[in-house]
Colleague: 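This is the structure, below, for whatever I ask next.
All of these numbers come straight from a predicted model, not from anything done at the bench. One is the number of the first residue; the rest follow in order along the sequence. Start at 1 and go down the list; that is how both ligands and their atoms are numbered.
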Amino acid sequence: MAEETTKGKTVEKVSRRGFFSWATMAWIGFTAAIGGCVTAWNRFLYPNVLYEPPMSFRVGLPEDFSPGVVDERFKESNGIWVVNNNGKLYALIAICTHLGCPPNWLEAQNKFKCPCHGSGYYKDGVNFEGPTPRPLERAKIFVDSEDGQIVIDKSQKYQWELGQWEDPESFIQVG
Ligand code: FES
């Protein structure tokens, strides 16, 4: 607001309302800047961490897995199926060997089917349809001698095409 003084000079006066609106805006800006700094500092102190499920885990006793059944309880949590088939218990890794999608177990069709490009696998993990060039992989599986629980270790994998499914640590004899 402009105002003339007794000496004939014109001075600009800031109204009280104008002053407070500027002060408010400055304060909001300052607060936002401080808030941004605090947020950035907190992200630095506590970075995002992805918690991967453990590679080695227990799934229960051998008698918990019925003959002929593909057990899906550990697919979501640990990325494996435990299969009791033809007298053997084995852990199939739920990753398609084409390009890595997670296949589904189709009970009615008695097969694993990948939703991405249609690869299909028999219950034992061997591929029979679609673009995948090889079977699913199996994880190390054994019975803990202390408590009788089945332990699965995904850090050790077994491939059919390398003859590794004959390895005694790639299955448990149950029948
Ligand atoms: Fe499974 Fe391609 S990723 S068929």
Side-chain angles (χ1 to χ4, degrees), residues 35-36 38-175:
V38 168
T39 302
W41 180 246
N42 278 338
R43 287 192 69 93
F44 172 74
L45 287 179
Y46 307 104
N48 286 339
V49 177
L50 289 177
Y51 292 98
E52 296 278 332
M55 294 297 273
S56 180
F57 49 92
R58 288 166 145 64
V59 294
L61 301 168
E63 50 267 34
D64 296 337
F65 300 91
S66 304
V69 172
V70 173
D71 193 315
E72 298 213 77
R73 285 179 294 161
F74 306 98
K75 184 188 176 194
E76 285 297 317
S77 57
N78 298 92
I80 54 111
W81 294 283
V82 181
V83 185
N84 186 337
N85 189 32
N86 292 331
K88 289 181 177 178
L89 262 179
Y90 47 85
L92 284 177
I93 295 174
I95 297 175
C96 181
T97 48
H98 179 224
L99 292 175
C101 289
N104 297 309
W105 169 244
L106 306 181
E107 181 72 39
Q109 297 171 44
N110 201 36
K111 69 178 183 181
F112 299 98
K113 184 75 172 173
C114 182
C116 291
H117 314 101
S119 290
Y121 306 85
Y122 294 121
K123 188 184 277 184
D124 62 3
V126 173
N127 56 306
F128 69 94
E129 65 179 352
T132 187
R134 62 191 185 88
L136 295 171
E137 295 180 347
R138 294 183 182 181
K140 180 177 177 178
I141 186 169
F142 61 96
V143 175
D144 187 321
S145 58
E146 291 199 351
D147 60 7
Q149 292 256 336
I150 295 173
V151 180
I152 292 172
D153 182 0
K154 287 175 64 181
S155 67
Q156 179 71 52
K157 296 177 182 174
Y158 299 86
Q159 294 179 229
W160 173 84
E161 64 274 24
L162 300 179
Q164 295 172 335
W165 286 8
E166 300 305 316
D167 191 303
E169 290 194 318
S170 70
F171 63 89
I172 297 170
Q173 198 75 47
V174 289

Colleague: Which atom name would you report as the N, O or S atom of H117 nearest atom 2 (Fe) of ligand 1?
Modeller: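 Of all N, O or S atoms belonging to H117, ND1 is the one nearest atom 2 (Fe) of ligand 1.
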Colleague: Who's the nearest protein heavy-atom neighbour of atom 3 (S) of ligand 1, and how far?
Modeller: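 Going by distance alone, atom 3 (S) of ligand 1 is nearest to L99 N, 3.2 Å.
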Colleague: Just checking, R138 and Y158: is the charged tip under 6.0 Å from the six-membered ring centre and within 45° of the axis?
Modeller: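 Pair R138/Y158 does not count as cation-pi.
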Colleague: Below 4.0 Å, non-hydrogen atoms only: which portion of S119 touches ligand 1? Side chain, backbone, both or neither.
Modeller: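 For S119, the contact with ligand 1 is made by both the backbone and the side chain.
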Colleague: Indicate, with yes or no, whether the SG-to-SG separation of C101 and C116 is under 2.5 Å.
Modeller: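 In this structure, C101 and C116 share a disulfide.
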Colleague: How about C96: does one of its N, O or S atoms come closer than 2.8 Å to atom 1 (Fe) of ligand 1?
Modeller: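 Yes.
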Colleague: Any side-chain donor-acceptor pair under 3.5 Å between N104 and K75?
Modeller: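 Side-chain D/A pair, N104 to K75: present.
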Colleague: Name the orientation class of the two ring planes belonging to H98 and H117 (parallel below 30°, tilted from 30 to 60°, perpendicular beyond 60°).
Modeller: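 H98 vs H117 ring planes: perpendicular.
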Colleague: Assign the ring pair W165 / W160 to parallel, tilted or perpendicular, where the plane angle (0 to 90°) is split at 30° and 60°.
Modeller: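 If you compare the ring of W165 with that of W160, the planes turn out perpendicular.
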Colleague: Heavy atom to atom 1 (Fe) of ligand 1, shortest distance: which of C116, P115, G120, C114 holds it?
Modeller: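 Nearest heavy atom to atom 1 (Fe) of ligand 1 lies in C114.
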Colleague: Can R58 and D147 be counted as an ion pair, charged N to O under 4.0 angstrom?
Modeller: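 So R58 pairs with D147 through a salt bridge.
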Colleague: Against heavy atoms of C101, which atoms of ligand 1 measure under 4.0 Å?
Modeller: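 Ligand 1 atoms under the 4.0 Å threshold to C101: 3 (S).
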Colleague: Between H98 and atom 2 (Fe) of ligand 1, is there a contact where an N/O/S atom of the residue lies under 2.8 Å from the metal?
Modeller: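 Under 2.8 Å: H98 contacts atom 2 (Fe) of ligand 1 through an N, O or S atom.
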